[in-house]
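This report concerns only the one structure given below.
Note that the numbering runs from 1 along the sequence shown for the chain.
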Amino acid sequence: KMDAYLLIAVLQLGMCTGLFCEGRLEAGIPPWMLTLYMLSLGGSFIYLFMAVWFAMHAFVVANCSTTRLLTQFVRLPIPTWDHVEDLRTYANSFESVAWKNMLRIP
């Protein structure tokens, strides 16, 4: 979902930058209206810049969390050679077991 928000915010930020650079008002406009125009344009630029920043940050955090989840929490641990040696049984250990345990049903 962040990809859609990021795309729209970048497009709007580009339009806002275009209005800052090339957006001209008529010659006889009062100074208070020009001030309000610049204030609203500046506020929208800051808001859209922060939206793009936070969307990119959320995208990076989501990817890092996904990678961490898949590599550290879900994947089974790979046993070391010592673990394999501890789990292995030898034939001579079977010979020392009582007859009752040798003939038991598995």
Completion exercise
Smallest heavy-atom separation, Leu25 atom then Tyr37 atom, equals CD1-CD2, 3.7 Å
Practice task
Write down the atom of Leu48, the atom of Ala9, and the distance for their closest heavy-atom approach.
Solution key: CD2-O, 4.3 Å
Handout entry: Exceeds 12 heavy-atom contacts within 6.0 angstrom, atom CD of Glu22
Key = no
Practice task
State, yes or no, whether a side-chain contact exists between Leu41 and Ser44 at a heavy-atom distance under 4.5 Å.
Solution key: yes
Problem - Verify same cluster id: Leu36, Met33 (apolar side-chain graph, 4.5 Å) - result: yes
Practice task
Assign the ring pair Phe45 / Phe49 to parallel, tilted or perpendicular, where the plane angle (0 to 90°) is split at 30° and 60°.
Solution key: parallel
Completion exercise
When rounded to the nearest 0.5 Å, the distance separating CE of Met15 from CG of Leu13 is 10.0 Å
Exercise for the section: Check the hydrophobic clustering (I, L, V, M, F, W, Y; side-chain heavy atoms under 4.5 Å; chains of links allowed) and say if Leu7 and Met50 are grouped together. Expected result: no
Problem - Within one Ile-Leu-Val-Met-Phe-Trp-Tyr cluster: Val10 and Leu19, side-chain cutoff 4.5 Å - result: yes
Exercise for the section: Please answer: with hydrophobic residues joined when any side-chain heavy atoms are less than 4.5 Å apart, are Tyr47 and Leu6 in the same cluster? Expected result: yes
Exercise for the section: Verify the cluster assignment for Trp32 and Ile29: are they in a single hydrophobic cluster under the rule of side-chain heavy atoms below 4.5 Å apart? Expected result: yes
Handout entry: Polar side-chain atom of Ser65 near backbone of Ala62 as donor-acceptor pair, under 3.5 Å
Key = no
